[in-house]
Each structure stands twice: as structure tokens, then as C-alpha cells.
Number of protein chains: 2
Amino acid sequence: MTTPGPRAAQHGVRGDLFDPQCPTRQLLDRLGTKWTSMAVRTLADAAPEEVRFAELRRRMPGVSQKMLSVTLRSLTRDGLVSRRVEPTVPPRVFYRLTGLGLSLEAVLAGLRTWAEEHMAEIDRANYAVDQEAGETEEA
Amino acid sequence: MTTPGPRAAQHGVRGDLFDPQCPTRQLLDRLGTKWTSMAVRTLADAAPEEVRFAELRRRMPGVSQKMLSVTLRSLTRDGLVSRRVEPTVPPRVFYRLTGLGLSLEAVLAGLRTWAEEHMAEIDRANYAVDQEAGETEEA
DNA sequence: CGGGATCCTACTTGATACTG
DNA sequence: CAGTATCAAGTAGGATCCCG
């Protein structure tokens, strides 16, 4: 049997969204991780100033030091955040959004706007479904 | 001190984004699930036509029957998708994006655009980091 | 045909402890 | 201070079986 090659090639029309290599898929995977958007937003709020690790953590209530570390490493690796180390004792590490990171923040701002405008409507829809279910159940 | 106003939500306590009740958080939780964006996109491509379950599944390569079912139930519950059942034997079930769902698709289109424009840059950044790490390691 | 229920695996997250 | 390493837990996702 012949190897059909990359499956993505078959779905030319609607294309890439179904492929794990799809850029949108990769972006959503990143935004889906819990602290990514929060970190980008917090760094964007501070931009163009740098923010130290501990200060960043203070501004992101609930984040563990490990998850902040993991998140920042991922963002740095992606080129969305720059990392600067002052080799003092103790060391001081500064983070700042790159240009690429700032452009992502613009997209996130769009998401935020939609969410603020429409999530209440989604909540109402959920509530309505719950009401129906409740009535059906206790009938 | 002056009136807090709407900006308080953004800058004051820094409150909303870090809260699990935050609308943006709730939206990202939804978009973060694997098949949500794919389903919305596929239904948007078909809009304003309805799409049957099996046909939808055919248009979303890789999705399992269960995950499609779960995803559609969630979207329907959120009021993003409408569901119509023809009580025949066997039953025929049709799905379609609601107006709310269509407006979400617009936001997703923005995400897609950014991803297509910038994910290659992120890939390059990752590749560069890998190169450095490799050289450092095998030196 | 559509989809609910069950079981199971893998990944993400979090708590804790240790290091330069 | 700024991490890294380890372990435990919760959850998203997939495979399968069954039902109306």
C-alpha cells in the first residue's frame, strides 16, 4: 500500500485548521494554556517597561512560581517575550514583551472585547438550559 | 480620588482577567478545547445552511463521534449553535451557527489571520532555541 | 443515525522541596 | 531571587459498547 503522505494536503479547501501543523491550531494550543494570556496581558500593561520575575508573579494572583516559570520559558522560546538577566547575587531577571508579543496582545484585546460583550449572553443561555433541565427532571 | 469608571476593570485591581469568573478566561477555556474552533469554523463555512451530524463529522477529519457530540452539546448549551431534530427513524439532527456563533467566528477569523501571519516567526524562534541548545549540549 | 455511558490514557496543573 | 526537579491530582480526550 502506498503512503498517502501528509493528510493536510487532502483538505485543501478548508485547509489547515484540521491539521496539527495548522498555525491556528498551534496558536490556540498556546492560548489554551492557563497562564499564557494572563502573562501576555500583564507584560503588555507594563510595556515598554521590563518586569522582574517576582513582580510579575505578584501581578498574577494565583500563579505558582513553577507555572510562571514554565509559561515564561515557553513565551521566551516562542520569541514573544524577551528575557534579560543581571548576573548579580541574587540574580535579577527581567521580562518584556517583544514586538511579536505586542502584536499578539492586540489579538487578545479583540478576544477580550468579544468576551466582555457576549459572555453574559452565553451565561444566560447556560442558565436557560439548566432551568429546562431542572423542570424536566422534577416534573 | 476620582470616579473609578470602566477602566477600573482593566487597571484597578487587575481584577477580571485573573479571576476564573472573568469573561475572557471563560472564553479561552472554551476555545482551548480541541474541537470547538474547528466546529465553529466548519459550521461557519456552511452557514446559513444547516449541517447534519454525520456530515459535520465528515468535514472534521480526526474528530471522534463522542468528542463531536460533546463539543456540539457544549456549543448548543452556550447558545452558539442551534440544534434541530427531525423525529424520523432513524433520526436526523441538524446544526447551525446562531448569530452569536457567527460573531464568535469573526473573532476566530482574527486569530486565524494573526496565526497565519506570525506563527512561522514563532516556529523560527523555536528552531533557533533548539539549535543553541543542541550546540551547547554536544560541545 | 445520533449520542449517551463507561473505561482508560495522557497531559496540564499544582504543591513541595532543592539549588546556584 | 529565580529558577529546576519531583510527585500527586484533576481533567480533556479517545476507544468502545449500547440504546432509542
Participant: Between B:Arg58 and B:Glu55, does any side-chain N to carboxylate O distance fall below 4.0 Å?
Facilitator: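 Looking at B:Arg58 and B:Glu55, the cut-off is met.
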
Participant: To the nearest Å, give me how far apart CG (A:Leu28) and C1' (C:dT12) are.
Facilitator: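 It is 17 Å, rounded to the nearest whole Å.
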
Participant: Between atom CE of A:Met67 and atom CE of A:Met38, what is the distance when rounded to the nearest 0.5 Å?
Facilitator: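 Rounded to the nearest 0.5 Å, the CE-CE separation comes out at 11.0 Å.
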
Participant: Just how far is it from atom OG1 of A:Thr24 to atom CE of B:Met119, taken to the nearest 0.5 Å?
Facilitator: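 Rounded to the nearest 0.5 Å, the OG1-CE separation comes out at 9.0 Å.
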
Participant: Mind checking side-chain hydrogen bond (donor to acceptor under 3.5 Å, both in side chains) for A:Arg84 and listing every partner two or more places apart, or none if nothing turns up?
Facilitator: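 With sequence neighbours excluded, A:Arg84 shows a side-chain hydrogen bond (donor to acceptor under 3.5 Å, both in side chains) to A:Glu50, given in chain and number order.
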
Participant: Near DNA chain C, counting only heavy atoms under 4.0 Å, which residues of residues 48-57 of chain B show up?
Facilitator: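 Contacting residues: B:Arg52, B:Phe53, B:Ala54.
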
Participant: With a 4.0 Å heavy-atom cut-off, tell me which residues in residues 75-98 of chain B come close to DNA chain C, sorted by residue number.
Facilitator: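 Going residue by residue through residues 75-98 of chain B, the ones with a heavy atom under 4.0 Å of DNA chain C turn out to be B:Arg83, B:Pro90, B:Pro91, B:Val93, B:Tyr95.
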
Participant: B:Ser37 and A:Arg25: which non-hydrogen atoms are nearest, and at how many Å?
Facilitator: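 So the two residues come closest at OG-NH1, 4.1 Å.
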
Participant: Could you state the CD-P distance from A:Gln65 to C:dA17, rounded to the nearest angstrom?
Facilitator: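 Rounded to the whole Å, the gap is 12 Å.
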
Participant: Do A:Asp78 and B:Asn126 come within less than 4.5 Å of each other through their side chains, counting heavy atoms only?
Facilitator: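 Yes. Closest side-chain heavy atoms under 4.5 Å.
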
Participant: Report each atom pair, protein N/O against N/O of nucleotides 9-13 of chain D, whose distance is under 3.5 angstrom.
Facilitator:
residue : atom : partner : partner atom : Å
D:dG13  : OP1  : B:Lys34 : N            : 2.4

Participant: Name all residues meeting the side-chain hydrogen bond (donor to acceptor under 3.5 Å, both in side chains) criterion together with A:Thr33; count only those two or more places apart in sequence or in a different chain, and write none if there are none.
Facilitator: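 Result, side-chain hydrogen bond (donor to acceptor under 3.5 Å, both in side chains) vs A:Thr33: A:Thr36.
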
Participant: With rounding to the nearest 0.5 angstrom, report the CZ to CG distance, A:Arg73 to A:Leu68.
Facilitator: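 With rounding to 0.5 Å, CZ (A:Arg73) is 11.0 Å from CG (A:Leu68).
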
Participant: Could you give the CE-to-P distance, from A:Met60 to C:dT13, as a whole number of Å?
Facilitator: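 The answer, rounded to whole Å, is 12 Å.
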
Participant: Does A:Leu72 reach the side chain of A:Leu56, with side-chain heavy atoms less than 4.5 Å apart?
Facilitator: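 Yes, at least one pair of side-chain atoms sits under 4.5 Å.
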
Participant: Any side-chain N or O of B:Ser69 under 4.0 Å from OP1/OP2 of C:dG4?
Facilitator: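 For B:Ser69, the contact criterion (side-chain N or O under 4.0 Å from OP1 or OP2 of C:dG4) is met.
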
Participant: Looking only at non-hydrogen atoms, find the nearest pair between B:Ala46 and B:Arg59 and report the distance.
Facilitator: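 Closest approach of B:Ala46 to B:Arg59: CB-NH1, 3.7 Å.
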
Participant: Calculate the interatomic distance between B:Leu68 atom CG and C:dG2 atom P; express it in whole Å.
Facilitator: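 Nearest whole value for this atom pair: 10 Å.
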
Participant: Compile the donor-acceptor pairs under 3.5 Å between side chains in residues 90-111 of chain B and protein atoms, sequence neighbours left out, one pair per line.
Facilitator:
residue  : atom : partner  : partner atom : Å
B:Arg92  : NE   : B:Glu86  : OE1          : 2.9
B:Tyr95  : OH   : B:Arg83  : NE           : 3.2
B:Arg96  : NH1  : B:Pro48  : O            : 3.2
B:Thr98  : OG1  : B:Gly79  : O            : 2.7
B:Thr98  : OG1  : B:Leu80  : O            : 3.1
B:Thr98  : OG1  : B:Leu100 : N            : 3.3
B:Thr98  : OG1  : B:Gly101 : N            : 3.1
B:Ser103 : OG   : A:Trp114 : NE1          : 3.0
B:Ser103 : OG   : B:Leu100 : O            : 2.8
B:Glu105 : OE1  : B:Arg112 : NH2          : 3.0
B:Glu105 : OE2  : B:Arg112 : NH2          : 2.9

